[in-house]
Amino acid sequence: MSGLSISRRGLLTGLSVLGASAAIGACGAKTGSDRTSTAGAKADTSGDTVRVGLLNSLSGTMAISEVTVHNALLLAVKEINADGGVLGKKLDPVSQDGASDWPTFAEKAEALITGDKVAATFGCWTSASRKAVKPVFERHRSLLFYPVQYEGLEQSPYIFYTGATTNQQIVPALDYLRKKGLTRLYLVGSDYVFPRTANKIIRAYAKGNGMRVLGEDYAPLGSTEFSTIVNKVKESGADAVFNTLNGDSNVAFFKEYKSSGLSAKALPVLSVSIAEEEVKSIGAPYLEGQLTAWNYYQTTPGAANTAFVEAYQAAYGKDKPTSDPMEAAYLSVHLWKAMVEKAGSFDVAKVKAAADGITFDAPEGTTTVDGATQHVHKTARIGRIGADGLITEVWSSGGPIKPDPYLKGYDWASGLS
Amino acid sequence: MTVVLNQSFTGVGIGAVLLLVALGLTLTFGQMGVINMAHGEFIMAGAYTAYVLQRSVDGTGLSLLLALPPAFLVAGTIGALLEWLLVRRLYARPLDTLLVTWGVSLMLQQLARDVFGAPNVQTRAPDLLTGNVSVAGVTLAANRLAILGLALLSVLALTLVLRLTPLGRRIRAVVQNRDLAEVSGIATERVDRTTFFIGSGLAGVAGVALTLVGPIGPTMGTNYIVDAFLVVVVGGIGQLKGSVITAFALGVLQSVLEYSTTVSVAKVAVLVAIVAFLQWRPQGLYTLRTRSLA
């Protein structure tokens, strides 16, 4: 959910001219899809190979993050093919570029399902792109595997969510802070749906668990002026900052944080959108000692992860980090393979029916699919950012947490819808 | 009380950034009337110059200081090239200039993306500038102080050039009355190019300074371009002191409003204040009074 940058407010009359031409440009860039669809377009699984769709932004503002997910997906496909494929058929990955543009995502999803007749699709990053393609997959009764942590409160019958929902990331992060005695929070986030929803959940949690929210501030996406917000944080008397900023804003925020004399020791910041890739682009010296909440780190121990990191770096470069969304993407392909093999068929209804209880020995540990919610059981991990840019685990939930996208199992969350 | 002082300093800090990014524009837009949407990319060029230099010199953050002259030259040269290739053919057509320079800005962004990659890069600041100093209970961030100093130095240098040098006299003459300057034997085309060079070069200097507070990336210029235009428009076309006053006034206003409300509300309120101000004084804070008929 990072990397968006939006140019700000129109000033000169001329800027509105630009706005208009930009809009025209955007329309022109779309390739029209005139295939009219009938419900339940059949995947073509008759040949020796089976096509699978990879739907990521390979261009535009989200490309920085989504290309890494795309790479991880390709790696998984390659491994599966080297291992004999799925039900004896090799996978043929079809990449479509969502171009960081939500309507384009919907069109490309349509093209993958009806044109390429893919057996399943993997991808999307921002919640906006997921919401854009959701009706397409539901209409065609085709499957999407979505690999990024998100704000919860969703459960489409045709989407499998392999990233964390809120009770596997944000709630454990709050548990951790509470146990550490850091009960007075300051919330800082980018001004759009994910941070606002997350902060609503944090406020409900705080109210029900004796924590206090001392302040809540939002900056427009792409904003780089944080001196006032940092001043407010400093004077609030908070014990910790809960950070849901996205993209470039993080750079400015952490630079300001450091130069105003605040540090991880005096006032730790816990971030939920900063993974290894983002640490690299913000600069490790500014983040050293700060906390993150994810389900996987490059340093997570285990043979499966060692193999994953080695394979990824062999394919894409020795200095390339692996991150949580990449791992969730990687495991999603393997989970799908296991579902298909259990079902003995590529048929979507049969695959869905076979999903419950499917496990995969993923880099983050053994993950199990929860058939009822179509999310996966995941271990929550709090990590500390090191000087080398890698993140080391300082706390974990001890075992996988059952997904609960609507937070039904939490009394304090009863007021949330 | 500390809060008030802290916020005032924060406001001055924001103002210094605004002033620095707008300073070049007071020349190219303020003096020459060119709506240069690529100004933000000159800032970016300056920032990347600092990055490249630091990587090749490798070592202490002091290379940021050394990067100032090269950044001025690189951004200035790109600016002069732009003027020579495109802008000079469009002086009578401001809206076309706007579209053309916007296109150039997109091309420069893509170029940066291809050369340096899409992810942000960083420079290392000198240790001296990563800390802060406390004066009477007020925390002054060292990087903000450095930017403030640099902004004031740039204003001073620009003022001296415009007031005392023959070049400055020629620039002022062309701005005030182009025809009269031309019949007096001034090569106005060359003056235009030099003015554009200096204006763009100042954007490069701003770029180096901005590496202290924000990200260095292909789209960093777009974060500042609108603010830069705001400062020049409110300050008054063609007047340096208007821009200086406006930059600090907007900075303080923004920080005070941000403190008492939220970032978004503060931004809206500042814009509303600007619109109201321009209703009252459409020509901006200061105007250049000349006897020219145009």
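Convention: sequence-line order gives letters A, B, ...; per-chain numbering from 1.
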> Between A:Lys255 and B:Thr211, is there a donor-acceptor pair closer than 3.5 Å when you use the side chain of the first and the backbone of the second?
Replying inline: yes
>> Given heavy-atom pairs under 4.5 angstrom as the criterion, report whether the side chain, backbone, both or neither of A:Ser260 touches chain B.
In response: backbone
> Which value, rounded to the nearest 0.5 Å, describes the distance between B:Arg113 atom CZ and A:Ser59 atom OG?
Replying inline: 9.5 Å
> Atom CD1 in A:Ile229, atom OH in B:Tyr259: separation rounded to 0.5 Å?
Replying inline: 12.5 Å
> How long is the gap from NZ on A:Lys234 to CG on B:Asn6, to the nearest 0.5 Å?
Replying inline: 6.5 Å
> Has the side chain of B:Gln122 got a donor or acceptor atom that lies under 3.5 Å from a matching backbone atom of A:Lys280?
Replying inline: yes
> B:Gly214, B:Gly217, B:Ala266: which one forms the most heavy-atom pairs within less than 4.5 Å of chain A?
Replying inline: B:Gly214
> Can you say whether B:Leu212 sits under 4.5 Å from chain A via the side chain, the backbone, both, or neither, judging by heavy atoms?
Replying inline: backbone
> Under 4.5 Å between any side-chain heavy atoms of A:Phe226 and B:Val263, yes or no?
Replying inline: no
> At what distance, to the nearest 0.5 angstrom, does OG of A:Ser259 lie from CG of B:Leu140?
Replying inline: 11.0 Å
> Is a donor on one side and an acceptor on the other found under 3.5 Å between the side chain of A:Lys232 and the backbone of B:Glu258?
Replying inline: yes
> Does any N or O in the side chain of A:Glu225 come within less than 3.5 Å of the main-chain N or O of B:Ile14, such that one atom is a donor and the other an acceptor?
Replying inline: no
> Could you walk me through whether B:Thr262 and A:Asp217 pass the side chain to side chain contact (heavy atoms under 4.5 Å, CB included) check?
Replying inline: CA-CA 6 Å; B:Thr262 66; A:Asp217 264 300; 4.2 Å; yes
